[in-house]
Amino acid sequence: MTVVTRFAPSPTGYLHIGGARTALFSWLFARHHGGKYILRVEDTDQKRSTQDAIDKIIEGLSWLGIDHDGDVIFQSQNADRHAKVAEQLLAEGKAYKCYCSPEELTEMREKVLKNGTSGNFYNNLWRDRDPSEAPAGIDPVLRIKMPLAGETSISDLVQGDVTRANNTLDDFVIMRSDGTPTYMLAVVVDDHDIGATHVIRGDDHLNNAFRQFHLYNACGWHVPEFAHIPLIHGADGAKMSKRHGALGVDHYAALGILPETMRNYLLRLGWSHGDDETISTEQAIEWFGLDAVGRSPARFDMDRILNLNSHYLKEADPSQLSEAVLQIARETSDRSLSDSALQRLESGISGLVQRAKTITEVVDLSNLYLFDTPLKFNDKAREILTGEDALKRIFELAEILSDLTLWDESHLNEAVREYADTNGLKLGQVAQPLRAALAGSNVSPGIFEVMVVLGRNETLERLKVTSL
RNA sequence: GUCCCCAUCGUCUAGAGGCCUAGGACACCACCCUUUCAAGGUGGCGACACGGGUUCGAAUCCCGUUGGGGACGCCA
């Protein structure tokens with residue numbers, strides 16, 4: 001049996017962290033088993049679905065590198081099929097028309113809440129009522145008959161055996177009064193139609209699984225395996241909601257987080273493989289299994305993402321990263337970049353990357369390589385350069401350096417140290433003014449590395465410190 | 001209110017009855033390295049929610065309590 005999984009987001013907003021992880025798990029599971037992973041947009045609620053949301057979700061998934069098999073399925077396009085199934089259920093007496101008005105339903109709900117009685121909100125009013133009693137002029141909904149007694153057990157691949165009394169399952173609506181299918185019907189029909197073998201989704205659907213279980217049975221269909229993975233909570237421990245600051249994956253992309261970081265982070269949230277922390281996608285596919293998914297919810301932790309990101313930043317391909325950095329710099333800078341920007345970036349990127357946690361930080365750090373003289377100085381740099389003898393030392397040093405035959409780190413190092421020695425100075429007393437003049441900042445990669453990356457001409461040019 | 005789920009360092013987790021005086025990672029602190037800032041290295045702080053059982057033996061199994069979360073829509 002080929003494994004078929006799916007990710008079924010509703011297009012009412014961006015792809016948030018929780019959804020991204022559900023998608024990742026479903027995808028990983030399918031890839032691990034050499035099966036299929038299908039993307040289905042659950043747009044049965046046309047009022048709340050938007051094209052923008054659909055685009056954002058697909059964009060987010062592709063950024064994460066989660067590729068689906070076949071075309072994207074739009075649930076709304078299966079509406080006829082859903083309706084047919086519903087009619088069949090009605091014809092077989094497994095579903096019935098319910099003429100309750102929204103007001104009546106609200107009343108029932110409030111009554112139950114007020115009295116604290118156990119049981120369901122809907123009192124099965126129309127379950128056995130004769131259709132001839134139907135009030136005129138009211139479009140009914142279709143409800144499915146749930147068993148009234150006994151209990152239902154589900155062997156969830158993550159949560160284990162979960163049992164629920166059938167009398168707590170109410171006859172839920174499968175077709176709205178306007179003739180459109182509800183989510184509950186649509187998921188079951190569509191999951192069956194794509195041959196889904198494993199339904200992997202958020203824990204918030206666990207309760208629905210019981211209802212869907214009976215819907216599968218009513219249709220005479222095989223019930224897929226369920227795996228309800230725990231929700232991701234915010235730092236405060238409550239469910240990640242848009243209201244609680246849950247952000248779309250695009251937000252993290254904009255922050256300068258790498259997709260591989262996000263994949264690794266999301267993977268380790270609720271799933272583990274011994275003590276392994278940094279796990280490549282290849283390894284993840286090889287190792288992933290539902291049995292290692294934890295049952296308790298995890299909290300979102302930005303520090304961990306940043307830490308992982310600095311790891312993947314160091315692993316990133318230098319020239320690709322340089323291109324990306326340059327791209328962002330072009331879009332955001334108001335100054336024109338040096339012709340040598342890319343070349344300098346490529347040779348200096350490793351020094352930059354170990355000082356940054358995000359691509360955005362790399363961009364900030366790369367300023368000293370992106371532009372030619374004259375430099376912009378920050379306050380600290382200006383302070384250093386206006387210090388006693390600072391400029392004098394720089395000018396003397398520039399003289400010495402210009403005579404250097406070999407422009408590499410060890411020779412530069414040697415020359416500068418020698419200068420410091422003969423003048424009775426500590427290396428820092430020379431290096432800091434140099435740094436300020438070359439980087440325009442009090443903070444930079446190693447000063448000799450900077451000189452090599454800039455090259456002899458640009459270095460000597462900057463050491464003239466023509467404007468402060 | 002009813003139903004369902006969960007419970008190991010602050011956080012993510014390892015742990016499937018003896019390997020646990022509970023391991024790793026992030027964060028935090030200290031030290032080392034050092035031309036700045038980082039990175040890196042070394043070390044430190046720090047948890048089995050509580051109470052009962054079962055067992056020769058429990059973080060691991062059972063029950064209860066407490067705490068947390070989720071679901072109760074003609075939303076998905």
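Order of the sequence lines fixes the chain letters, A, B, ..., with proteins taken first and strands second; residue numbering starts at 1 for each chain.
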- Applying the 3.5 Å cut-off to both distances, the Watson-Crick or G-U partner of B/A49 turns out to be B/U65
- Task: Rounded off to whole Å, could you give me the CG-to-P distance for the A/Leu352 and B/U36 pair?
- Result: 18 Å
- Message: Distance check needed: B/U36 P versus A/Phe448 CZ, whole Å only.
- Response: 11 Å
- Message: Taking any heavy-atom pair under 4.0 Å as a contact, classify A/Val141: base, sugar-phosphate, or nothing.
- Response: base
Please enumerate all protein N or O atoms sitting under 3.5 Å from an N or O of nucleotides 45-51 of chain B, with distances to 0.1 Å.
none

- Item | Atom-pair distance (CZ on A/Arg295; P on B/C5), nearest Å | 11 Å
- Query: How would you label the contact of A/Pro230 with the nucleic acid (heavy atoms, under 4.0 Å): base, sugar-phosphate, or nothing?
  - Reply: nothing
- Task: Give one of base, sugar-phosphate or nothing for A/Lys314, where a contact means two heavy atoms less than 4.0 Å apart.
- Result: sugar-phosphate
- Query: Across the strands shown, which category fits A/Thr163 at heavy-atom distances under 4.0 angstrom: base, sugar-phosphate, nothing?
  - Reply: sugar-phosphate
- Looking at B/C37, does its base get a donor-acceptor pair with the side chain of A/Ser444 below 3.5 Å? no
- Is there a Watson-Crick or G-U wobble partner for B/C3 with both distances under 3.5 Å, and if so, which one is it? B/G70
- Query: Just checking, is any N or O donor in the side chain of A/Thr12 or A/Arg48 under 3.5 Å from an acceptor N or O on the other one?
  - Reply: no
- According to a strict under-4.0 Å criterion, is A/Arg417 in side-chain N/O contact with OP1 or OP2 of B/U35? yes
- Looking only at B/G69, B/A38, B/A76, the nucleotide nearest the A/Gln75 side chain is B/A76
- Which part of the nucleic acid, if any, lies within reach of A/Asn442 when heavy atoms closer than 4.0 Å are counted: base, sugar-phosphate only, or nothing? base
- For A/Glu277, answer base if it contacts any base atom (sugar-phosphate contacts may also be present), sugar-phosphate if it contacts only those atoms, and nothing otherwise; contact means non-hydrogen atoms under 4.0 Å. base
- Message: Mind checking if A/Ser272 touches a base, just sugar-phosphate, or nothing, with heavy atoms under 4.0 Å?
- Response: sugar-phosphate
- Message: Within the 4.0 Å heavy-atom criterion, would you say A/Asn208 contacts the bases, only the backbone, or no part of the nucleic acid?
- Response: base
- Kindly check if the number of other-residue, nucleotide or ligand heavy atoms within 6.0 Å of CD (A/Glu396) is above 12? yes
- Item | OP1 or OP2 of B/A27 under 4.0 Å from side-chain N/O of A/Asn307 | yes
- Note on the structure: One should read off an interatomic distance between A/Leu15 CG and A/Leu247 CG, to the nearest 0.5 angstrom, of 12.0 Å
- Message: Rounded to whole Å, please give me the gap between CD in A/Glu409 and C1' in B/U35.
- Response: 12 Å
- Query: Side-chain donor-acceptor pair under 3.5 Å between A/Asp43 and A/Ser49, yes or no?
  - Reply: no
- Under 3.5 Å donor-acceptor pair, A/Arg48 side-chain atoms to B/C75 base atoms: yes
- Which value, in whole Å, describes the distance between the P atoms of nucleotides B/A38 and B/C29? 11 Å
- Query: What's the spacing between A/Leu434 CG and A/Ile447 CD1 if we round to 0.5 Å?
  - Reply: 5.5 Å
- Query: Of the nucleotides B/C5, B/U35, B/C74, which one has an atom closest to the side chain of A/Asp203?
  - Reply: B/C5
- A/Glu42-A/Tyr183 side chain donor-acceptor pair, cut-off 3.5 Å: no
- Value in whole Å for how far the P atom of B/A25 lies from CD1 of A/Ile305: 20 Å
- Reckon A/Leu306 touches a base, only the sugar-phosphate, or nothing at all at heavy-atom distances under 4.0 Å? nothing
- Query: Using purine N1 to pyrimidine N3 plus N6-O4 or O6-N4 for Watson-Crick, or N1-O2 and O6-N3 for G-U wobble, each under 3.5 Å, what pairs with B/C19?
  - Reply: none
- Within 6.0 Å of CD in A/Gln51, more than 12 heavy atoms from elsewhere: yes
- Taking any strand in view, what nucleotide pairs with B/C75 in a Watson-Crick or G-U wobble way, both distances under 3.5 Å? none
- Query: Say you pick atom P in B/A39 and the same atom in B/A58; how far apart are they, in whole Å?
  - Reply: 44 Å
- Are there more than 12 heavy atoms of other residues, nucleotides or ligands under 6.0 Å from atom NZ of A/Lys145? yes
- Both distances under 3.5 Å, Watson-Crick or G-U wobble: report the partner of B/A59, or none. none
- Message: Just the rounded figure in Å: distance from P of B/G24 to CH2 of A/Trp271.
- Response: 20 Å
- Item | A/Glu104 atom CD, neighbour heavy-atom count above 12 within 6.0 Å | yes
- Message: In whole Å, measure the gap between the C1' atoms of B/A59 and B/U8 for me.
- Response: 7 Å
- Please work out if A/Gly270 contacts a base, only the sugar-phosphate, or nothing of the nucleic acid, heavy-atom cut-off 4.0 Å. sugar-phosphate
- Message: Give the residues of residues 20-29 of chain A touching RNA chain B, defined as any heavy atom closer than 4.0 Å, sorted by residue number.
- Response: none
- Among B/G70, B/G23, B/C5, the one nearest any side-chain atom of A/Leu206 is B/C5
- Message: Tell me which nucleotide, if any, is Watson-Crick or G-U wobble paired with B/C28 when both distances must be under 3.5 Å.
- Response: B/G44
- Query: A/Leu269 near the nucleic acid: base, sugar-phosphate alone, or nothing, with a heavy-atom cut-off under 4.0 Å?
  - Reply: sugar-phosphate
- Note on the structure: Closest to the side chain of A/Lys357, out of B/C74, B/A39, B/C26, is B/A39
- Taking the side chain of A/Gln432 as heavy atoms from C-beta outward, which of B/G69, B/U36, B/C12 is closest to it? B/U36
- Item | Nucleotide nearest A/Asp45 when distance is taken to its side chain, options B/C75, B/G24, B/U35 | B/C75
- Using the ring of A/Phe25 (Phe, Tyr or Trp, six-membered ring only), decide whether A/Arg21 places NZ or CZ under 6.0 Å from its centre and within 45 degrees of its axis. yes
- Message: Can you tell me which nucleotide in B/G70, B/A27, B/G69 comes closest to the side chain of A/His233?
- Response: B/G69
- Message: Would A/Arg393 and A/Tyr419 count as a cation-pi pair here, with the cationic atom under 6.0 angstrom from the ring centre and within 45° of the axis?
- Response: no
- Write down the distance separating the C1' atoms in B/C45 and B/G69, rounded off to the nearest Å. 30 Å
- Message: Would you say that more than 12 heavy atoms from the other residues, nucleotides or ligands in this model lie under 6.0 Å from the CD of A/Glu315, or not?
- Response: yes
- What is the nucleic acid contact for A/His205, judged by heavy atoms within less than 4.0 Å: base, sugar-phosphate only, or nothing? base
- Message: If I pick the P atom on B/G43 and the same atom on B/U35, what distance separates them, to the nearest angstrom?
- Response: 25 Å
- Could you measure between the two C1' atoms, the one in B/C50 and the one in B/U13, and give it in whole Å? 23 Å
